[in-house]
**Student:** 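Just dropping this structure here.
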Amino acid sequence: MSLPQPVRGTHDLLPEDFRRHAHVRNTARDIAARFGYAEMATPIFEFTEVFARTMGETSDVVSKEMYSFEGRSGESMTLRPEYTAGICRSFISNGLQQNVPFKVFANGPMFRYERPQKGRQRQFHQIDIECIGAAEAKADVEVIALGAAILKELGVLDSCSLQLNTLGDRESRQAYRDALVEYFSDFKDKLSEDSLARLHRNPLRILDSKDKGDQALVANAPIFTDYLNDYSTEFFAEVLEGLDMLGIGYELNRRLVRGLDYYTHTAFEFVTTELGSQGAVIAGGRYDGLIEALGGKPTPGIGWAGGIERLALLARDIPEGPRPVAIVPVGAEAEAVALKLAHELRLEGISVEMAFKGNVGKRMKRANKLNARAAILIGEDELVRNACTFRDLDQGTQEEVPLSSLRAALSNLG
RNA sequence: GCGAGUGUAGCUCAGUUGGUUAGAGCGCCUGACUGUGACUCAGGAGGUCGCCGGUUCGAUCCCGGUCACUCGCCCCA
């Protein structure tokens with residue numbers, strides 16, 4: 001087939017796919033609003049350093065997955081690979097430090113140069129929640145509870161588990177990181193190739209290695225909780241207490257490590273087993289150092305991102321679009337009357353379908369295919385009486401209705 | 001970036017141990033029904049068998065490359 005194809009890793013969203021996406025988006029937007037998170041948007045591309053500085057030069061995303069290009073005056077810009085950095089940049093650019101807690105919902109396309117798989121594309125879409133300027137554990141609890149509420153509404157919460165961990169504050173995390181590097185450095189010859197690479201890039205990742213040799217070493221590795229300072233320990237306890245209070249179940253997962261440098265304290269993922277190796281549907285955490293890394297005043301923050309494609313694959317009970325009413329003119333004379341009626345009804349807010357051509361049989365078939373609720377037939381007979389034949393397509397019954405009573409008949413459909 | 005699998009009609013898939021006109025179901029179009037859908041019946045359109053090259057008298061089938069998708073690794077939403 002030499003037909004034009006979309007670029008690898010990108011996909012068209014035909015109306016049916018789009019409806020699923022829209023449902024995820026709309027559900028998230030509605031529930032976010034209940035929690036006090038207003039919708040906003042930032043540009044689809046930013047100066048490259050916005051991402052490089054915040055996500056970490058050594059992270060996979062920054063080191064090999066960004067779509068970067070040069071502007072005309074030579075600055076490097078990048079199609080956003082995630083939303084958090086852009087929103088934090090916006091927070092600083094707009095001087096919003098007086099508006100804290102700054103609670104927002106956002107959604108849109110993201111771009112990462114990765115090997116496509118099911119539930120993983122080069123252009124994909126995320127819903128995103130950020131709560132900037134709140135250092136309290138209550139914010140963590142709220143943000144996680146919001147994620148759970150959205151999953152519940154989408155009908156996927158039951159097939160997900162909430163994985164939870166703490167990375168401690170920067171001090172704790174750095175101390176633990178150093179301890180791990182020191183420990184694993186003694187076993188350089190035994191570590192797998194992957195883990196050897198991780199040793200300097202992201203040693204915490206080694207803990208999650210699937211290599212059996214690595215796992216044996218991990219068994220005796222330093223334990224995170226020994227390196228958490230009092231503040232970090234208490235903070236995490238408070239988060240757990242909050243979740244318990246709300247009846248939100250979770251699993252502690254000490255190996256849950258985020259790939260991006262900016263995370264501190266709470267790290268979490270809602271994970272499903274129904275999507276192959278792409279298990280995370282919502283993932284996020286606290287990023288207390290991020291705003292500072294971007295050049296803003298030290299400001300704490302917490303948030304998460306959810307994959308719309310992944311959620312759309314799992315979501316149940318996608319609502320159908322509004323069911324139209326089909327107007328079917330019979331004969332040239334009725335055509336004009338029907339056209340006018342269709343327009344009037346549409347202006348009144350009623351969804352109306354009227355085919356451009358075809359005999360009655362064809363138009364009825366089309367009405368059926370479009371899932372029309374009713375058909376309004378207008379022919380010469382009806383014209384004389386200023387009426388129409390009103391057919392209920394679900395019941396298969398019909399009756400003649402004066403045009404003056406048409407609105408009443410329509411609102412009786414239920 | 002690494003390893004493996006798949007690629008036949010709009011969709012889901014048969015098939016050919018390499019041989020002349022490549023099939024089914026669904027969908028689409030036309031008609032039976034010149035004013036009635038969802039049911040029935042009868043016809044019809046639609047394929048350079050992903051693309052390029054090689055082997056062969058001959059390739060949709062074998063081989064190589066390439067592209068896309070799927071699965072695993074890496075990583076992530």
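Here is the naming used below: chain letters follow the sequence lines, and residue numbers restart at 1 for every chain.
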**Student:** Any Lys/Arg nitrogen of A:E46 or A:R80 sitting under 4.0 Å from an Asp/Glu carboxylate oxygen of the other?
**Tutor:**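 Salt bridge flag = no for A:R80 with A:E46.
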
**Student:** For A:Y227 and A:Y176, I'd like to know if the aromatic rings sit close, meaning centre-to-centre distance below 6.0 Å.
**Tutor:**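 That pair passes the under 6.0 Å test.
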
**Student:** How close or far is atom P of B:rG3 from atom CD of A:E193, stated in whole angstroms?
**Tutor:**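 So the two atoms are 12 Å apart, to the nearest Å.
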
**Student:** Checking all strands, does A:G331 fall into the base, sugar-phosphate, or nothing category for heavy-atom contacts under 4.0 angstrom?
**Tutor:**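 The residue A:G331 makes no contact with any strand.
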
**Student:** Take atom CZ of A:R115 and atom P of B:rA4, then tell me their distance rounded to the nearest Å.
**Tutor:**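 After rounding, the gap between these two atoms is 11 Å.
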
**Student:** Give me the distance, rounded to whole Å, that separates B:rA22 from B:rG46 when you measure between the C1' atoms they each carry.
**Tutor:**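 Looking at atom C1' only, B:rA22 and B:rG46 are 14 Å apart.
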
**Student:** May I ask you to say what A:K210 touches in the nucleic acid, namely base, sugar-phosphate or nothing, with a heavy-atom cut-off under 4.0 Å?
**Tutor:**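 Sugar-phosphate, no base atom in range.
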
**Student:** Any strand counts, and the cut-off is 3.5 Å on both contacts for Watson-Crick or G-U wobble. Which nucleotide pairs with B:rG7?
**Tutor:**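 Pairing partner: B:rC67.
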
**Student:** Could you please spell out the steps behind the side-chain contact (heavy atoms from CB on, under 4.5 Å) verdict for A:C88 and A:E130?
**Tutor:** CA-CA 9 Å; A:C88 288; A:E130 308 294 347; 5.8 Å; no

**Student:** To the nearest angstrom, how far is A:E269 atom CD from B:rC75 atom P?
**Tutor:**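 Value for this atom pair: 12 Å.
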
**Student:** Under 4.0 angstrom, heavy atoms only, what part of the nucleic acid is A:R366 near: base, sugar-phosphate, or nothing?
**Tutor:**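 Contact class for A:R366: none.
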
**Student:** Can you tell me, in whole Å, how much space there is between the P of B:rC63 and that of B:rU21?
**Tutor:**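 One P to the other, the span is 25 Å.
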
**Student:** Looking at B:rA14, which nucleotide sits across from it as a Watson-Crick or G-U wobble partner, both distances under 3.5 angstrom, or is there none?
**Tutor:**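 Here B:rA14 is not engaged in any pair, so there is no nucleotide opposite it.
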
**Student:** Could you state the atom-to-atom distance from NZ of A:K357 to C1' of B:rC29 in whole Å?
**Tutor:**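 Atom NZ in A:K357 sits about 11 Å away from atom C1' in B:rC29.
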
**Student:** Can you check the distance between B:rU60 and B:rG18, where both ends of the measurement are the P atom (answer in whole Å)?
**Tutor:**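 Approximately 13 Å lies between the P atom of B:rU60 and that of B:rG18.
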
**Student:** Base, sugar-phosphate alone, or nothing: which one does A:A283 contact when heavy atoms must sit under 4.0 Å apart?
**Tutor:**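 Sugar-phosphate contact only - A:A283 comes under 4.0 Å of backbone atoms but never of a base.
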
**Student:** Just call it for A:V281: base, sugar-phosphate, or nothing, with non-hydrogen atoms closer than 4.0 Å on any strand.
**Tutor:**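 Answer is sugar-phosphate: A:V281 comes under 4.0 Å of backbone atoms only.
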
**Student:** Is there a Watson-Crick or G-U wobble partner for B:rC57 with both distances under 3.5 Å, and which nucleotide is it?
**Tutor:**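 Per the H-bond distance test, B:rG19.
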
**Student:** What's the closest nucleotide to the side chain of A:Q117 if the choices are B:rC75, B:rG35, B:rC71?
**Tutor:**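 Minimum distance to the A:Q117 side chain belongs to B:rC71.
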
**Student:** Could you tell me how far B:rG44 sits from B:rG54 if I compare only their C1' atoms? Round to whole Å.
**Tutor:**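 That atom pair is separated by 40 Å.
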
**Student:** Of the options B:rA68, B:rU36, B:rG35, whose atoms approach the side-chain atoms of A:Q398 most closely?
**Tutor:**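 Minimum distance to the A:Q398 side chain belongs to B:rU36.
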
**Student:** Any strand is fair game: report the nucleotide pairing with B:rG72 by Watson-Crick or G-U wobble, both distances under 3.5 Å, or none.
**Tutor:**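 Check on B:rG72: paired to B:rC2, both distances under 3.5 Å.
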
**Student:** Mind running side-chain contact (heavy atoms from CB on, under 4.5 Å) on A:Y113 and A:R122 for me, showing each step along the way?
**Tutor:** CA-CA 6 Å; A:Y113 193 93; A:R122 290 184 173 179; 3.5 Å; yes

**Student:** Using heavy-atom distances to pick each residue's nearest nucleotide on RNA chain B, tell me which of A:T10 and A:L377 is more 5'.
**Tutor:**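 Per heavy-atom nearest nucleotide, the more 5' residue is A:L377.
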
**Student:** Base, sugar-phosphate, or nothing for A:G9, non-hydrogen atoms under 4.0 angstrom?
**Tutor:**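 Sugar-phosphate contact only - A:G9 comes under 4.0 Å of backbone atoms but never of a base.
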
**Student:** Just call it for A:E309: base, sugar-phosphate, or nothing, with non-hydrogen atoms closer than 4.0 Å on any strand.
**Tutor:**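 It contacts nothing in the nucleic acid.
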
**Student:** Of A:V61 and A:V7, whose nearest nucleotide on RNA chain B comes first from the 5' end?
**Tutor:**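 With A:V61 and A:V7 compared, the 5'-side residue is A:V7.
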
**Student:** Counting the atoms with a prime plus P, OP1 and OP2 as sugar-phosphate, which does A:Q121 contact under 4.0 Å by heavy atoms, base, sugar-phosphate, or nothing?
**Tutor:**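 A:Q121: base contact, heavy atoms under 4.0 Å.
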
**Student:** Name the closest nucleotide to the A:R112 side chain, picking from B:rA77, B:rG37, B:rG1.
**Tutor:**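 My answer, after comparing the listed nucleotides, is B:rA77.
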
**Student:** Nearest whole angstrom, please: distance from the P of B:rG37 to the CD of A:Q395.
**Tutor:**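 The answer, rounded to whole Å, is 17 Å.
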
**Student:** Categorize A:R8 for me: base, sugar-phosphate, or nothing, with a 4.0 angstrom heavy-atom threshold over every strand shown.
**Tutor:**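 Answer is sugar-phosphate: A:R8 comes under 4.0 Å of backbone atoms only.
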
**Student:** On a plain distance test, is the side chain of A:R120 in donor-acceptor contact with the base of B:rC75 below 3.5 Å?
**Tutor:**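 Yes, a donor-acceptor pair under 3.5 Å.
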
**Student:** Rounding to an integer number of angstrom, what distance separates B:rU6 and B:rC13 when you compare their P atoms?
**Tutor:**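 Roughly 14 Å separates the two P atoms.
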
**Student:** Only pairs with both distances under 3.5 Å count, Watson-Crick or wobble alike; so what is the partner of B:rA32 in this structure?
**Tutor:**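 Looking at the geometry, B:rA32 pairs with B:rU40.
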
**Student:** With no hydrogens and no angle check, just 3.5 Å: does a side-chain donor-acceptor pair link A:Y263 and A:D288?
**Tutor:**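 Judged by distance alone, the side chains do not pair up.
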
**Student:** If you check every side-chain atom of A:Y113, which of B:rG37, B:rG72, B:rG1 has the closest atom?
**Tutor:**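 So the side chain of A:Y113 is nearest to B:rG1.
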
**Student:** Measure from the side chain of A:A305, starting at C-beta and using heavy atoms only, and say which of B:rU36, B:rG35, B:rA77 lies closest.
**Tutor:**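 Output: B:rA77.
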
**Student:** Classify the nucleic acid contact of A:N359 as base, sugar-phosphate or nothing, counting any heavy atom under 4.0 Å across all strands shown.
**Tutor:**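 No contact at all - A:N359 keeps every heavy atom at 4.0 Å or more from the nucleic acid.
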
**Student:** Could you tell me how far apart A:K64 (NZ) and B:rC74 (C1') are, to the nearest whole angstrom?
**Tutor:**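 Result: 6 Å.
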
**Student:** Describe the nucleic acid contact of A:R198 in one word from base, sugar-phosphate, nothing, applying a heavy-atom distance below 4.0 Å.
**Tutor:**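 Sugar-phosphate, backbone atoms only, no base.
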
**Student:** What contact category does A:E382 fall into here, base, sugar-phosphate, or nothing, at under 4.0 angstrom with non-hydrogen atoms?
**Tutor:**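 Result for A:E382 = base.
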
**Student:** Taking the minimum atom-to-atom distance to the side chain of A:E114, which one of B:rC69, B:rC71, B:rC75 wins?
**Tutor:**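 The listed nucleotide nearest to A:E114's side chain is B:rC75.
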
**Student:** Give the rounded distance in Å between these two atoms: CG of A:L204 and P of B:rC75.
**Tutor:**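 Rounded to whole Å, this separation is 12 Å.
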
**Student:** Within the 4.0 Å heavy-atom criterion, would you say A:I127 contacts the bases, only the backbone, or no part of the nucleic acid?
**Tutor:**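 Counting heavy atoms under 4.0 Å across all strands, no contact is made by A:I127.
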
**Student:** For B:rU48, give its Watson-Crick or G-U wobble partner with both distances under 3.5 Å, or none.
**Tutor:**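 Here B:rU48 is not engaged in any pair, so there is no nucleotide opposite it.
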
**Student:** Would you call A:K103-A:E142 a salt bridge at under 4.0 Å N-O?
**Tutor:**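 The answer is yes: the pair qualifies as a salt bridge.
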
**Student:** What is the ring orientation for A:Y287 with A:Y262, classed by angle as parallel under 30°, tilted 30 to 60°, or perpendicular over 60°?
**Tutor:**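 Taking A:Y262 first and then A:Y287, their aromatic rings stand perpendicular (interplane angle over 60°).
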
**Student:** Please give the distance between the C1' atoms of B:rG7 and B:rU66 as a whole number of Å.
**Tutor:**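 One C1' to the other, the span is 13 Å.
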
**Student:** With P as the reference atom in both, quote the distance from B:rU12 to B:rG35 in angstrom, rounded to an integer.
**Tutor:**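 Roughly 38 Å separates the two P atoms.
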
**Student:** When the distance from CD of A:Q5 to P of B:rU66 is rounded to whole Å, what number comes out?
**Tutor:**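 It is 19 Å, rounded to the nearest whole Å.
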
**Student:** Under 4.0 Å between a side-chain nitrogen and a carboxylate oxygen: does that hold for A:R53 and A:E292?
**Tutor:**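 Result for this pair is no, no salt bridge flagged.
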
**Student:** With both distances under 3.5 angstrom, what nucleotide forms a Watson-Crick or G-U wobble pair with B:rG27?
**Tutor:**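 The answer is none; no pair meets the criterion.
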
**Student:** Does a side-chain N-to-carboxylate-O contact under 4.0 Å join A:R366 and A:E353?
**Tutor:**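 So A:R366 pairs with A:E353 through a salt bridge.
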
**Student:** Decide, yes or no, whether a salt bridge links A:R407 with A:E344 under the criterion of side-chain N to carboxylate O below 4.0 Å.
**Tutor:**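 So A:R407 pairs with A:E344 through a salt bridge.
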
**Student:** Say you pick atom P in B:rA9 and the same atom in B:rU48; how far apart are they, in whole Å?
**Tutor:**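 Their P atoms lie roughly 8 Å apart.
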
**Student:** If you check the A:K362 side chain, which of B:rC69, B:rG37, B:rU30 turns out closest?
**Tutor:**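 Taking heavy atoms from C-beta onward, the closest nucleotide is B:rU30.
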
**Student:** Pick base, sugar-phosphate or nothing for A:R363, based on heavy-atom distances below 4.0 Å to the nucleic acid.
**Tutor:**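 Touches nothing.
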
**Student:** B:rA77, B:rA68, B:rC75: which one has an atom nearest the side-chain heavy atoms of A:D60?
**Tutor:**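 Closest nucleotide to the A:D60 side chain: B:rC75.
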
